[in-house]
2 protein chains.
Amino acid sequence: MKNPKEAAHKATGHTQRGQCSKRLSILDAAAEVFCREGFAGASIDEIAAEACVSRQTIYNHYREKETLFTAVVEDVTNRTNSSLFSILATFPDKPDNLEDDLSTFALGLTKNCLCNQDGKFLRKLVQSEGERYPQLFEGWRKHGPGKIGTALAALFARLSYGGVLQIDDFDLAARQFLALVNADLQMITLFGETPSDEELENAARNAVRTFLRAYSAPVVNIAAPAPLAKAVG
Amino acid sequence: MKNPKEAAHKATGHTQRGQCSKRLSILDAAAEVFCREGFAGASIDEIAAEACVSRQTIYNHYREKETLFTAVVEDVTNRTNSSLFSILATFPDKPDNLEDDLSTFALGLTKNCLCNQDGKFLRKLVQSEGERYPQLFEGWRKHGPGKIGTALAALFARLSYGGVLQIDDFDLAARQFLALVNADLQMITLFGETPSDEELENAARNAVRTFLRAYSAPVVNIAAPAPLAKAVG
DNA sequence: GTCAAACTAGACACCATTGTCTAAAACGTC
DNA sequence: GACGTTTTAGACAATGGTGTCTAGTTTGAC
């Protein structure tokens, strides 16, 4: 990193007075380094340098490396959770145009939870350190992004009962929706580059289209005679 | 690990004479440890213990840790590749029952490529070390499991031209197929436990069902009068 | 300006790990 | 059984990271 001071400030944009600003710098830098190097590969010195803070300051705030790590995880999880809630609130309960509305929702989900820095951090860390820190995985599932699944299932259930969708297994549908949304992204997100807005929009649209082809309720076509459906089914 | 000697043999089941057996033991153990601990977290001593081999033997075969790591990656990639080819050969070109046949295919894919020890290793390592070893990611994409996508796209194209499926974008369909197959598995695979055969079968079946609802060509129903389709479309 | 708290820089002991080296042991072949 | 190769166990220096300590500096509040 060429200019760590700049980077640290860029990340959060805070210029509050001392103590709080330092904490945030440390958390930001630690998230970055842990994500890039993994727990074992990350060194306190590296984090200190990236946060523009002396090593001792880190030890003052967080007794040891492990403490810092869990603090970072908690911090990122909280942030992700709150943005998750606001995204879920935009789910189209009474959709005007189902495809458009669901696509917008999916886009918000990817942009703010799945595909941003925090989302990447959690995904990578749960994957790489999940075996060594089971509580990390559990936390992700119960109190973090893992909740999206069940929340989405409930929302889809409402749409299904409303006759807009035709779903047997809501949990399954929710998992598949998320899987489809991620289908195009996994490739893009895996390495460093951030996907462009256009790529994200396409990914969301593609996912929703396929999802709807699989799960939208049969259209009661105004032109077609209804009775025939019985003979076909 | 309670009984490393047993574990090492269990993994490959080889009892060849000395030198070759040692190499394999080392590769097996190294894969296991690298996968569990990541590159930085894995220690040569740990690998040596798990392979029931002295540390020096490892240094004799592979000059340094990095060499060992790339050898392991290459080994696992090759193994995965060959099983991938045999699985792709089972793709239902002339499906009898499309859902059943595709489900069987999907099951083979998950069991032998995506969900087994090798698949897990590559996925984890590409994810956690991909940023530090770009050639790892490139290798995965070009010479490893990353090829599944394009191969599947070609196979789906054949089915589509044959009128069995109705697909616009073959690459997209292939990615979505894989995403759906993984939808149920990601949860299961992430932590240690190996999914049961039943879980795998269900996952495959669920994925295929949804995929076919989205992409199967409209059925020319024997009972329904064909001409009406025009009026509806 | 004073004071206490927070921060810094550097030195430090401690430990784990890498990679080398050596002498002895095991192995396979003839 | 003798010979060369492979393997082993252990000692070893070098390195790099953790976490502590200290003495000096900055910072903010009053």
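Throughout, a chain's letter reflects where its sequence line sits, starting with A, and its residues are numbered from 1.
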Check this one for me: any side-chain N or O of [X] less than 4.0 Å away from OP1 or OP2 of [N]?
| X | N | result |
| --- | --- | --- |
| A:K22 | C:dT8 | yes |
| A:T57 | C:dT8 | yes |
| B:H61 | D:dT7 | yes |
| A:S54 | C:dC7 | no |

Exercise for review: Just jot down the side chain to side chain donor-acceptor pair (under 3.5 Å) partners of B:D75, sequence neighbours excluded, or say none.
Suggested key: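 Listed in chain order: B:R79.
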
**Study point:** Base versus backbone protein contacts along nucleotides 12-23 of chain D [heavy-atom cut-off under 4.0 Å; B, S, -]
**Key:** -----SBBBB--

**Study point:** Spacing between B:N60 atom CG and C:dT22 atom P, to the nearest angstrom
**Key:**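 Answer to the nearest Å: 14 Å.
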
**Study point:** Between C1' of C:dA6 and CD1 of A:I58, the distance in whole Å
**Key:**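 Atom-to-atom, A:I58 to C:dA6, this comes out as 15 Å.
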
Exercise for review: Tell me whether the centres of the aromatic rings in B:Y215 and B:F170 are closer together than 6.0 Å.
Suggested key: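 Between B:Y215 and B:F170, the centre distance exceeds or equals 6.0 Å.
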
Exercise for review: Assess B:R23 against B:Y62: is NZ or CZ under 6.0 Å from the centre of the six-membered ring, and within 45 degrees of the ring's axis?
Suggested key: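 Because its charged atom sits under 6.0 Å from the ring centre and within 45° of the axis, B:R23 does stack over B:Y62.
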
Check your understanding: Got A:F39 and A:E66 here, is their nearest side-chain heavy-atom distance under 4.5 Å?
Key ->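 Touching, per the 4.5 Å side-chain cut-off.
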
Point to revise | A:P195 vs A:C115 side-chain heavy atoms within contact, under 4.5 Å | key: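 Yes, at least one pair of side-chain atoms sits under 4.5 Å.
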
Check your understanding: CG/B:L172 to CZ/A:R209 distance, rounded to the nearest 0.5 angstrom?
Key ->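 Atom-to-atom, B:L172:CG and A:R209:CZ are 9.0 Å apart.
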
